Amino acid sequence: MTYLIFDLETTGLSPSSEDIIQIAGIKVRAGQWHQGERFETFVRPTKRVPSFITGLTGIAHHQVAGAPEAPEALRAFSEFAGDATLIAHNGQRFDMPFLRQSCLRYGLPVRPVPFVDSMAFSRKLWGGRGGHGLDAVISRLGLSVEGIRRHDARGDVELLAQAVGKMWHQLTPDVLACPVTVGEGALAAVA
DNA sequence: GCTAGGCAGGAACCCCTCCTCCCCT
């Protein structure tokens, strides 16, 4: 089974009014979380990147102004994904709605894809104890963030891939059976 | 120097509805 750990950076929280500005992903085979094929692109937004987003992500407007527009980036990402199962942290509530809404906004047909929210791994391992945000997960697993830029999609997927690998291993020795429920998401349909 | 949208999960309660809080940028 192939998995695609991915992360989005956006101009804000609302899928209906904000734009995706960066997509990054690492495609891995279950059990081989440290080596994978990478995807990364900036995405040209329809409005200026707010200063607080630049402060948070390190992504400035000039970096995305000449980037591919959303439809091109969404199709490229979907082609890269292929038949992989997608994984994102809090993706059920954030990344997946953003991808779906972006496709809708640009009139792109979508296709269903298997999807797992990595927060489910954390809930299953640690239940109600503490938080399940990426920072809490990283801290509990003792992952090093040295040399990794948090809130840059490339850095976050790197950390998330390591985190999912560790959590999976702690939940089951079986690298083939996903220990949490696999749901459904949507990506742009590819011709 | 700062904001915002909405789901999942839990509580209370009897099967839905409401509420609160998390978590993403």
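Letters A, B, ... are given to chains in the order of the sequence lines, protein chains preceding strands, and every chain is numbered from 1. Keep in mind that this is a model prediction, so the values were computed, not measured.
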Are A/Val164 and A/Ile138 grouped together when hydrophobic residues (ILVMFWY) are joined by side-chain heavy atoms under 4.5 angstrom apart?
yes
Out of B/dA8, B/dC24, B/dT25, which has the shortest distance to the side chain of A/Arg93?
B/dA8
Among the nucleotides B/dC23, B/dG9, B/dC2, whichever has the atom closest to the side chain of A/Asn90 is B/dC23
Which part of the nucleic acid does A/Asp7 contact within heavy-atom distance under 4.0 Å: base, sugar-phosphate only, or nothing?
sugar-phosphate
What interatomic distance, in whole Å, is found between P of B/dC7 and the corresponding atom of B/dA12?
23 Å
Quiz item: cation-pi between A/Lys27 and A/Phe80, 6.0 Å / 45°:
yes
5' priority, DNA chain B, between A/Leu134 and A/Gln92 [closest heavy atom]
A/Gln92
Is any side-chain N or O of A/His151 closer than 4.0 Å to OP1 or OP2 of B/dT25?
yes
By the Watson-Crick or G-U definition, both distances under 3.5 Å, B/dG5 is matched with B/dC24
Taking any heavy-atom pair under 4.0 Å as a contact, classify A/Thr11: base, sugar-phosphate, or nothing.
nothing
Note: for A/Ser51 and A/Leu56 on DNA chain B, the residue whose nearest nucleotide lies more 5' is A/Ser51
Using the rule side chain to side chain contact (heavy atoms under 4.5 Å, CB included), only one of A/Ile26, A/Leu160, A/Asp95 pairs with A/Asp7; which is it?
A/Asp95
